[in-house]
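Per chain, numbering begins at 1; letters A, B, ... match sequence-line order. Computed from a predicted structure; not experimentally measured.
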Protein chains: 2
Amino acid sequence: METNDLLKLENQLCFPLYAASRLVTKCYQPLLDELGLTYPQYLVLLVLWETDSVNLKVLSEKLQLQSNTLTPLLKRMEDTGLISRTRSEEDERSMIMALTKKGSLLKHKAPAVQSQLSNNLGISLEEAQQLHGLLYKLMGHLETK
Amino acid sequence: METNDLLKLENQLCFPLYAASRLVTKCYQPLLDELGLTYPQYLVLLVLWETDSVNLKVLSEKLQLQSNTLTPLLKRMEDTGLISRTRSEEDERSMIMALTKKGSLLKHKAPAVQSQLSNNLGISLEEAQQLHGLLYKLMGHLETK
DNA sequence: TACATTTGTATCGTGCACGATATAAAAGCA
DNA sequence: TGCTTTTATATCGTGCACGATACAAATGTA
């Protein structure tokens with residue numbers, strides 16, 4: 001490719017990644033609005049529904065988000081009654097996030113969100129799996145940098 | 001897949017998209033820091049290097065960002081001397097962004113950013129093209145919603 | 001046991017993103 | 001020409017993201 005072509009927006013990998021990510025988040029939003037959630041908050045719940053009572057470090061690793069992003073986000077979730085935040089007794093540094101009744105019950109509504117969304121994506125299951133694989137491969141390499 | 005599996009973080013398409021996008025942006029940042037740019041600002045320059053003097057509407061369509069995101073971003077770029085912002089004479093509503101000398105000269109440094117980054121991605125050219133294609137297919141379908 | 005180092009969270013400042021809304025210029029039309 | 005509607009941009013408020021930094025609890029070590 002020529003230099004000028006290399007610099008074209010549509011030839012970059014970064015841009016479609018960035019645009020597609022925002023676009024998919026936007027598709028989630030109307031569904032999540034009904035549950036009173038933002039998209040990152042929904043991700044937190046996905047983690048907690050899988051494993052309840054995790055500390056910030058674990059949450060941070062799973063979501064690839066740092067404490068400066070998560071702490072305020074989790075405080076907002078505490079304020080809206082979705083989770084509780086308590087210090088660990090064994091290690092006073094560790095902050096443990098656990099589902100409240102309200103946060104726990106929302107799990108029943110999540111499958112509807114997922115199925116609604118996957119119907120909307122407009123790509124086949126094979127393509128979705130392919131995309132999934134490529135994204136994890138990309139991440140796997142970049143994380144070790 | 002079972003309901004519980006469907007809700008697992010790693011099985012979602014949305015999460016790797018979101019995480020990979022942030023991760024790639026993070027890889028750009030040290031390179032862009034040397035040019036005094038943020039990643040979205042770099043995207044604006046990519047558009048302007050391709051076609052100078054575009055109004056906000058065009059920029060908004062190309063980057064899929066709205067005026068409430070772009071206006072302050074472009075003002076910051078004006079403040080740092082990268083672009084000029086002037087009202088169109090034919091249509092007083094239209095705000096036209098054009099490269100300054102400084103913004104124009106930065107184009108010479110962009111190929112180095114691109115080649116540095118593509119070396120870092122850790123996926124083959126074929127995989128990158130495949131990923132590129134899948135992302136555009138995804139976007140193409142979602143945009144028409 | 002004293003002290004340095006590491007670890008887990010939190011705080012601060014800046015820059016996006018975006019829904020909702022405002023405003024003025026332009027275009028359409030009775 | 002008056003008036004409505006559309007279009008292009010801007011403003012406001014809220015919630016992320018993240019680099020840099022602070023701080024206290026835990027750990028390692030002489």
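- Among the heavy atoms of the strands lying under 4.0 Å from Glu90(B) are primed sugar atoms or P, OP1, OP2 only; no base atom is included.
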Exercise. Stepwise, does the side chain to side chain contact (heavy atoms under 4.5 Å, CB included) test hold for Arg22(B) with Leu65(A)?
Worked result: CA-CA 10 Å; Arg22(B) 288 187 296 113; Leu65(A) 290 167; 3.2 Å; yes

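- Across all strands, Gln29(A) comes closer than 4.0 Å to no nucleic acid atom at all (heavy-atom distances).
- Between the side chain of Ser104(B) and the main chain of Leu99(B), no donor-acceptor pair closer than 3.5 Å is present.
- Contact annotation: Tyr18(A) side-chain N/O to dA17(C) OP1/OP2 distance is under 4.0 Å.
- To the nearest angstrom, C1' of dA26(C) lies 11 Å from CD of Glu92(B).
- Taking every side-chain heavy atom of Thr69(B) into account, dA17(C) is the closest of dT9(D), dA17(C), dA17(D).
- Atom OH in Tyr28(B) sits roughly 16 Å away from atom P in dC16(C) (whole-Å rounding).
- Contact check, Thr38(A) against dC16(D): a side-chain N or O comes under 4.0 Å of OP1 or OP2.
- The 5' end of DNA chain D is approached more closely, in terms of each residue's nearest nucleotide, by Val58(B) than by the other of Val58(B) and Tyr39(A).
- Closest approach to the Arg22(A) side chain among dA17(C), dT9(D), dA10(C) is made by dA17(C) (side chain taken as heavy atoms from C-beta onward).
- Between Gln66(B) and dA17(C) there is no side-chain N or O to OP1 or OP2 distance below 4.0 Å.
- Ile96(B) places its CD1 atom 13 Å from the C1' atom of dT9(D), with the value rounded to the nearest Å.
- Looking at which nucleotide of DNA chain C each of Met95(A) and Lys26(A) is closest to, the 5′-most match is held by Met95(A).
- Atom CG in Leu73(A) sits roughly 8 Å away from atom P in dA17(D) (whole-Å rounding).
- Arg76(A) has a side-chain polar atom (N or O) that falls below the 4.0 Å cut-off from OP1 or OP2 of dC16(D).
- Under the side-chain contact (heavy atoms from CB on, under 4.5 Å) test applied with Leu73(B), the options Leu63(B), Leu59(B), Val44(B), Thr38(B) reduce to a single match, Val44(B).
- Set against dT9(D), dG19(D), dC16(D), the side chain of Pro40(A) has dC16(D) as its closest nucleotide.
- Atom SG of Cys14(B) sits about 9.0 Å away from atom CG of Leu121(A), to the nearest 0.5 Å.
- Proximity note for Asn55(B) (side chain, C-beta onward) versus dC18(C), dT9(D), dC16(C): the nearest is dT9(D).
- Atom CZ of Arg93(A) is separated from atom C1' of dT7(C) by 5 Å (rounded to the nearest Å).
- Comparing Lys75(B) and Ser67(A) by the nucleotide of DNA chain D whose heavy atom lies nearest to each, the residue mapping closer to the 5' end is Lys75(B).
- Across dA8(D), dA10(C), dA26(C), the shortest atom-to-atom separation from the side chain of Ser94(B) is found for dA8(D).
- Taking the six-membered ring where tryptophan is involved, the planes of Tyr42(A) and Tyr28(A) are tilted, since the angle between them lies from 30° to 60°.
- The distance from the CG atom of Leu32(B) to the NZ atom of Lys109(B) is 12.5 Å, given to the nearest 0.5 Å.
- Residue-to-nucleotide proximity on DNA chain C shows that, of Leu23(A) and Leu56(A), the 5′-proximal contact is made by Leu56(A).
- Whole-Å rounding puts the Gln41(A) CD to dC18(C) P distance at 17 Å.
- Across the protein-nucleic acid pair, Asp79(A) atom CG and dT14(D) atom C1' stand 14 Å apart, rounded to whole Å.
- For Asn68(A) and dA20(D), the CG to P distance is 11 Å, given to the nearest whole Å.
- When distances are taken from the side chain of Arg87(B) to each of dA10(D), dT7(C), dC16(D), the shortest belongs to dA10(D).
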